[in-house]
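Data first, discussion second: the structure below is written as structure tokens.
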Amino acid sequence: MNFTWKTALLRLMAAGLAALAVGWVFGQPLLFLLLFSVAYACWSLYNLVRLERWLASGKRRNPPDVPGLWGNIFYRIHRLQIKNRKRKRHFAQLLREFRKSTAAMPDGTVILNEHNQIEWFNRAAANLLGLGLKKDSGQRIDNLIRHPEFVEYLDQEKFDRAIEIRSPVRENMRLAIQIVTYGRRDQRLMLIKDVTQLANLERTRRDFVANASHELRTPLTVISGYLEAMAEDQDLDELWHEPIKQMQAQSANMTHIISDLLELSRLESMQSAAPRAAVDFASLLQQVRSEVMASSGNQVEIQLKLNTSAKVLGSEKELHSVFSNLISNAVKFSEPGTRVQVEWSLDFDQGVLSVRDEGIGIPKESIPRLTERFYRVDAGRSKQRGGTGLGLAIVKHALSRHEADLSVDSELGQGSVFSCYFPADRIKKPAERAHLRAI
Ligand code: ADP
């Protein structure tokens, strides 16, 4: 039965009135009302104690058979208990199935709490990382995987990308690890994939490119030498002048491609970050400017603006290659008489090197593909301007070895800006205040 306030109150009042009426008959209405109130309070207390005992017993017992409002309370609590038990069974079943499916997954899964302690892991994770259920549950993951790159990944919380490390249990196994955060407590799901085969394939590809380029270099040097000798031969039939010029241009182009391929393989094969020698951008940029201006015939003006004398901790050779590629591209894809501006400044603690041109610009859809090997927006035009399509791939790799990012902004027909962002810990600030210098 559904008890409302009204029925409960009406029943109580009716019982009270009955007690009054009986008391009236015996000439003691107030005494009978008092006795009724005490009896009612005792009855309520008795039922409260029964309810408490029934709940505390924790057993799946049917509720005691009690009439009235108390009976309803027992009945409703009992129904709630049955519903909760069903739900619990359902969730337990779901959890069992989820665990079974993740346990059967070929990829490793580890659940970490907000302190990076292991809460759960599947069989694949145990095999890939050498974890043991008893000895490693509750341990901090960075106590078990001590690879510096992993420790840094965990500390810096840059979980938008995966990292690749050597397996802590097998020397020749490579693992890709990605962490995903979830939940209110900032728990972490760590996904581990065996990428040994992929890494081996990638190494084979890299070695093949490096070896093939190396092998091609010697015959090409011989061909270039003979072509040069033939071009200088005064007795050579004039018929051969143009073909030899074209062959010389093609062999120069091939030499350029081969040296870019070798440079790219060298950068790709290096696992560690770039060295941290202090590189003075003022002199490096001036040197690159002179080289590019000399090779391009001084047709485009290159302006240098040094807003800071801060140095970058890195490899001078690699940074030379980065700026040489960016500045020669800016010149290559600009019309004579236009201007290229190179600016070095600090944005808070970060170093920003930008190369701005007033050239042909790049279509928006091509911007994300610029750093792919051999990608050119207009292959014909690039080749004609002496491009290999490898320059920006070299730039990307060299910058990533300095933990620096490249960003490109461009407007077709208006020009482009290529900006390199160097992290604060690669910047060596000058002792005194920097002053603006324009060259
Ligand atoms: P390439 O040797 O062909 O210059 P890169 O890898 O350096 O190769 O550049 C890839 C492509 O990006 C170029 O072919 C060109 O289409 C485009 N590109 C690069 N820099 C510029 C720029 N400053 N202005 C316009 N297009 C550019």
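All values below come from the heavy atoms of this structure, side chains included, with hydrogens, waters and symmetry mates left out. Residues: numbered from 1 along the sequence shown. This one's a predicted model, so the numbers in the text were calculated from it and none came from an experiment. As the structure lists them, so they are numbered: ligands from 1, and atoms in each ligand from 1.
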**Report entry** Sub-4.0 Å heavy-atom approach of Ser416 to ligand 1
**Finding:** yes
Query raised in the report: Out of Val408, Thr388, Leu370, who gets a non-hydrogen atom closest to atom 2 (O) of ligand 1?
Result: Thr388
Requested in this report: Ignoring hydrogens and angles, tell me if any N or O in the side chain of Asn253 forms a donor-acceptor pair with the backbone of Ala249 under 3.5 Å.
Outcome: no
Requested in this report: Not counting sequence neighbours, which residues clear salt bridge (charged side-chain N to carboxylate O under 4.0 Å, His left out) with Asp237? List them please.
Outcome: none
Report task. Would you kindly specify which portion of Asn325 sits under 4.0 Å from ligand 1, judged on non-hydrogen atoms: side chain, backbone, both or neither? Result -> neither
Query - Partner of Leu131 by side-chain contact (heavy atoms from CB on, under 4.5 Å), out of Asn122, Val110, Val169 - result: Val110
Query - Residue selection (non-hydrogen contact nearest atom 21 (C) of ligand 1) among Phe333, Tyr375, Phe374 - result: Phe333
Query raised in the report: N/O of Gly389 under 3.5 Å from N/O of ligand 1, yes or no?
Result: yes
Requested in this report: Would you please say whether a donor-acceptor pair under 3.5 Å links the side chains of Gln250 and Gln246?
Outcome: no
Query raised in the report: With under 30° as parallel and over 60° as perpendicular, where do the rings of Phe323 and Phe422 fit, or are they tilted in between?
Result: perpendicular
Query raised in the report: Should Leu392 be counted as touching ligand 1, given the test is an N or O pair under 3.5 Å?
Result: yes
Report task. Using ring-ring contact (aromatic ring centres under 6.0 Å, His included) as the criterion, list what pairs up with Phe418, not counting sequence neighbours. Result -> none
Query raised in the report: Between Val377 and ligand 1, which part of the residue brings a heavy atom under 4.0 Å of the ligand: side chain, backbone, both or neither?
Result: both
